[in-house]
There are 2 protein chains.
Amino acid sequence: MITQKAKYALRALTALAEADDGEPVMISDIAAQQKIPKKFLEQILLDLKHQGIVVSRRGKQGGYLLLKPADMITFGEVLRIIDGPIAPLPCLSITAYRKCDDCDGEQTCQIRHVFAKVADATRKVLFSTTIADAIAPARGTQVTRMLA
Amino acid sequence: MITQKAKYALRALTALAEADDGEPVMISDIAAQQKIPKKFLEQILLDLKHQGIVVSRRGKQGGYLLLKPADMITFGEVLRIIDGPIAPLPCLSITAYRKCDDCDGEQTCQIRHVFAKVADATRKVLFSTTIADAIAPARGTQVTRMLA
DNA sequence: TTAATCCCTATCAATTTAGTAGAGTTACAC
DNA sequence: GTGTAACTCTACTAAATTGATAGGGATTAA
C-alpha cells in the first residue's frame, strides 16, 4: 500500500497540471479541490519543491507551479520522494540499497530474485506513467509524450 | 517494502519445502537454519497453520510440515496472510476492498487506474511464483508445475 | 511421568503515519 | 511603507504498525 501522503502528492500534481496556464495555484485551492488537509499539503508541496518537481511564488498572488512539463513527471519519481524506495526489499533498492542482514549471498537468496521480478514489473509501470497520462487516461501510457 | 515477518515466512516455507520427506521439522531447526528469532517464528508458523498452508505435530518428535505441495503455494498467498492486501490502494484490493474516502468516483479517479496496472503486474508475478520455484531458481517461473 | 514440542495471549519499545500548531519570511497592493 | 495574503520551516503529537520478547498452557512420544 502506498501512503496517504503519496496519494495526496499525486493528486496535487494532477491538480497543478490541469491548471497549468502559467498562473500559480494556491495551496488552499488545491487543498479544497482535492480534499487534502491544508497544513499537511503544505509540507508535501514543500518536499516536492525541494526535490525539483514544483516551484513556488510567495506573497500575495503566490502559489505553486509545475517545474517540469506534466509529461516529464513520472509516478515513480514522486513515489520515491514521498514514500521512499520502490523496491520490495532493501537489497533491491536502486536509491537506497542496503544489504539484508539475515541473508548471506544475494546470488543464492531464494527470495530475492522473485522480488527482483516484482520490482522490475512495478518500475516498468511507475516510470512509464506520467502526471500527464493520469489527467488524460483515454490516451494510454506514454502516448502523450510519444506523439509530442 | 515487504515486512521482515513476510520474509521470515517465505524463508521458513522454503526450508520446509527443502526438507519435505514426510518428517516434521522443528521450529528451532528452522529458526537456527534461517536466522529467525524462534519465538517470532512460532507466531508466523501458527498464522500459516491457521490459514491452511502448513500443518503441525505437537509433542516430542513434533514440528511442521507443508500442507500443500510446494508448487501449489504461491508467494502471493503467503504475502496476503502475513502482510495483508497486495494492492497499493485499498480501493484496488481483492481481499480487503475499501472505498477511498477522499476520492469520489472510481471510474474517474486519476490515480486509481495507474495503480491498477501496478497491482496487475505485481499479482502476475506473485501468484505465478511458488515456493517450489524459489528453491529451484534455474528452472524458472512455473516450469516445475508445467512439467508435472 | 517426564520432557520436548507446539499453542496462545499479552506486552513492549521503536518507528512510521497522518496530521496540527505556530511563528517566521516574502512580496504584492494600496 | 504598511498591511496582509501567501508560502516556509520546525516542532510536536496521537494512533497504528513493526519486530520482537515473555511466559504459561496443552499435547504427545518415549
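Quantities reported herein were computed from a predicted structural model and do not represent experimental measurements. Order of the sequence lines fixes the chain letters, A, B, ..., with proteins taken first and strands second; residue numbering starts at 1 for each chain.
- Here the CG-CD1 distance, from B/L13 to B/I73, works out to 5.5 Å after rounding to the nearest 0.5 Å.
- As a member of the Ile/Leu/Val/Met/Phe/Trp/Tyr network built from side-chain separations under 4.5 Å, A/L65 groups with A/V55, A/L67.
- At least one donor-acceptor pair closer than 3.5 Å links the side chain of B/R112 to the backbone N or O of B/C91.
- The closest side-chain heavy-atom distance from A/K68 to A/E77 is below 4.5 Å.
- Residue B/M26 contributes atom CE, which lies 17 Å from atom P of D/dT28 at whole-angstrom precision.
- Across all non-hydrogen atoms, the minimal contact from A/T95 to A/P85 is OG1-CA, 4.4 Å.
- Spacing between atom OH of B/Y64 and atom P of C/dC6 amounts to 7 Å, rounded to whole angstrom units.
- Considering every non-hydrogen atom in both B/V54 and B/Y64, the closest pair reads CG2-CD2, 3.6 Å.
- One side chain, A/T3 or A/D83, offers a donor N or O that lies under 3.5 Å from an acceptor on the other.
- Heavy atoms of A/I27 sit under 4.0 angstrom from primed sugar atoms or phosphate atoms, though from no base atom.
- As rounded to whole Å, 15 Å separates atom P of C/dT5 from atom CG of B/L45.
- Contact detail for A/A12 and A/L41: the closest heavy-atom pair is CB-CD1, 3.9 Å.
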Short N/O separations, protein against nucleotides 17-20 of chain C, under 3.5 angstrom:
unit_1: C/dA18; atom_1: OP1; unit_2: A/Q4; atom_2: N; d: 3.4
unit_1: C/dA18; atom_1: OP2; unit_2: A/Q4; atom_2: N; d: 3.3
unit_1: C/dG19; atom_1: OP2; unit_2: A/Y8; atom_2: OH; d: 3.0
unit_1: C/dT20; atom_1: O4; unit_2: A/Q43; atom_2: NE2; d: 2.3

- Message: For a quick check, with a 4.0 angstrom heavy-atom cut-off, what is the B/S/- contact string for nucleotides 24-30 of chain C, read 5' to 3'?
- Response: -BBSB--
Counting only pairs under 3.5 Å, give me each side-chain donor-acceptor contact of residues 43-50 of chain A, with atom names and distances, residues two or more places apart or in other chains.
unit_1: A/K49; atom_1: NZ; unit_2: A/S56; atom_2: OG; d: 3.1

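- Here D/dT21 presents its P atom at 11 Å from CD1 of B/I44, a figure rounded to the nearest Å.
- The NE2 atom of A/H113 sits 12.5 Å away from atom CG of A/L89, with the distance rounded to the nearest 0.5 Å.
- For B/E42 and D/dG24, the CD to P distance is 14 Å, given to the nearest whole Å.
- With sequence neighbours excluded, the residues satisfying side-chain contact (heavy atoms from CB on, under 4.5 Å) with A/K39 are A/E42.
- Contact annotation: B/S28 side-chain N/O to C/dT5 OP1/OP2 distance is not under 4.0 Å.
- For the segment residues 46-54 of chain A, the set of residues with a heavy atom within less than 4.0 Å of an atom of DNA chain D comprises A/L46, A/K49, A/H50, in numerical order.
- As rounded to whole Å, 16 Å separates atom P of C/dT15 from atom CE of B/M1.
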